[in-house]
Amino acid sequence: MSQRVTIAVPEPLFTRLQPVKHQFNISAVCQEALEMAITIEEIKTQVAEDENLVQRLQTEKKVLLNKVRQEGFELGIRSSAKLSYKDFRHFERVQSLATALDEDVLDYLFSYLDQKDCPEPARQLDADFAYLLEVDPASRITFAQGWIDGVLSVWQTIKTQVDTAQ
């Protein structure tokens, strides 16, 4: 059974929300953010209590991979402006294959973005975050999967308009 919670948002955020609120489930977004915030606080509590290390590290990994995916998703949205109709259709067709990506995918992704003239500043990542992508193959795969999802979220928003325009 679900419980209702009311949240307050600053006026500028509310104003920005209005034109896009129909494009996503506000409740789901808030639930996910709350889940992440609670998870982080639970991790802090677990560390302070010095309890089950493996469980704590697994939770940290989950939180980090969520952040990695989100960074990839946001880059996908930002870089979508450089993609062609053919590119969007291609990524739509191969989305199901994204689960089979390998650890070299990030090299291919950045090379692809270079070909699309996606500006380097749009791809700048925090140094700690970039280091994580360098040392963890799972992070590179998750980042690329997030990128594809970001690109396709843009495509789903505009697809009908593109396909019906003559």
Side-chain angles (χ1 to χ4, degrees), residues 1-80 91-92 94-110 112-113 118 120-157:
M1 180 174 168
S2 294
Q3 300 294 323
R4 296 184 73 73
V5 175
T6 302
I7 65 167
V9 295
E11 187 66 33
L13 181 58
F14 183 79
T15 302
R16 288 177 51 211
L17 172 65
Q18 295 312 302
V20 297
K21 69 181 180 182
H22 64 279
Q23 295 174 359
F24 54 87
N25 182 325
I26 295 171
S27 182
V29 170
C30 291
Q31 288 172 20
E32 184 176 337
L34 190 56
E35 174 72 31
M36 288 178 64
I38 291 169
T39 300
I40 289 170
E41 289 304 313
E42 289 171 343
I43 291 169
K44 290 177 186 177
T45 302
Q46 283 180 335
V47 169
E49 295 172 357
D50 196 30
E51 289 186 5
N52 189 339
L53 179 61
V54 172
Q55 182 180 2
R56 179 177 57 81
L57 293 176
Q58 287 173 336
T59 303
E60 283 181 24
K61 179 180 177 182
K62 179 181 174 185
V63 169
L64 279 174
L65 287 176
N66 280 340
K67 289 180 181 179
V68 166
R69 185 197 170 285
Q70 183 65 29
E71 288 290 326
F73 187 88
E74 290 174 10
L75 177 60
I77 291 172
R78 288 192 309 270
S79 60
S80 290
F91 288 115
E92 184 177 43
V94 300
Q95 180 182 23
S96 62
L97 301 177
T99 58
L101 297 175
D102 66 21
E103 64 185 70
D104 295 328
V105 69
L106 210 52
D107 295 332
Y108 297 121
L109 173 59
F110 287 147
Y112 176 78
L113 292 175
C118 181
E120 188 71 30
R123 294 184 267 161
Q124 290 299 317
L125 304 172
D126 174 80
D128 291 334
F129 185 79
Y131 176 75
L132 179 63
L133 293 179
E134 289 176 22
V135 299
D136 183 31
S139 294
R140 292 190 291 272
I141 293 168
T142 300
F143 184 86
Q145 290 168 333
W147 182 85
I148 291 171
D149 290 343
V151 166
L152 291 177
S153 73
V154 171
W155 178 239
Q156 291 305 317
T157 302

Intermediate values then yes/no, side-chain contact (heavy atoms from CB on, under 4.5 Å), Leu34 and Val5: CA-CA 11 Å; Leu34 190 56; Val5 175; 5.9 Å; no
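- With contacts defined as side-chain heavy-atom distances shorter than 4.5 Å, the pair Ile43/Val63 qualifies.
- Around the OH atom of Tyr108, the shell of radius 6.0 Å holds no more than 12 heavy atoms that belong to other residues, nucleotides or ligands.
- For the pair Glu60/Thr39, no side-chain contact is recorded, criterion being any heavy-atom separation below 4.5 Å from C-beta on.
- Between Asp149 atom CG and Ile77 atom CD1 the span is 10.0 Å, to the nearest 0.5 Å.
- Residues that satisfy the side chain to side chain donor-acceptor pair (under 3.5 Å) test with Ser139, not counting sequence neighbours, are Asp136.
- Partners of Gln18 by side chain to side chain donor-acceptor pair (under 3.5 Å), not counting sequence neighbours, listed by chain and number: Lys21.
- Residues in residues 23-32 take part in these side chain to side chain donor-acceptor pair (under 3.5 Å) pairs, two or more places apart or across chains: Ser27-Gln31.
- The closest side-chain heavy-atom distance from Gln95 to Leu152 is below 4.5 Å.
- Contact of the Ser153 side chain with the Gln156 side chain is not registered, since no non-hydrogen atoms from C-beta on lie closer than 4.5 Å.
- Across all non-hydrogen atoms, the minimal contact from Ser80 to Gly150 is OG-O, 4.4 Å.
- Of all heavy-atom pairs between His22 and Pro19, the closest is CE1-O, 3.2 Å.
- Leu17 CG to Phe24 CZ: the interatomic distance, rounded to the nearest 0.5 Å, is 5.5 Å.
- Of all heavy-atom pairs spanning Glu71 and Phe143, the tightest one is C-CE1, 3.7 Å.
- We find the CZ-CD1 distance between Arg69 and Ile148 to be 11.0 Å, quoted to the nearest 0.5 Å.
- Contacts of Pro10 classified as side-chain contact (heavy atoms from CB on, under 4.5 Å), with partners at least two apart in sequence or in another chain: Pro12, Leu13.
- Of all heavy-atom pairs spanning Val151 and Gly76, the tightest one is CG2-O, 3.5 Å.
- Glu11 pairs by the side chain to side chain donor-acceptor pair (under 3.5 Å) definition with nothing, not counting sequence neighbours.
- In this view, Phe91 and Tyr112, Trp147 satisfy the ring pair (Phe, Tyr, Trp, His ring centres under 6.0 Å) rule, not counting sequence neighbours.
- Side-chain contact between Leu113 and Leu75 is present, with at least one heavy-atom pair separated by less than 4.5 Å.
- Using a 4.5 Å cut-off on side-chain heavy atoms (C-beta onward), Lys61 and Leu65 make contact.
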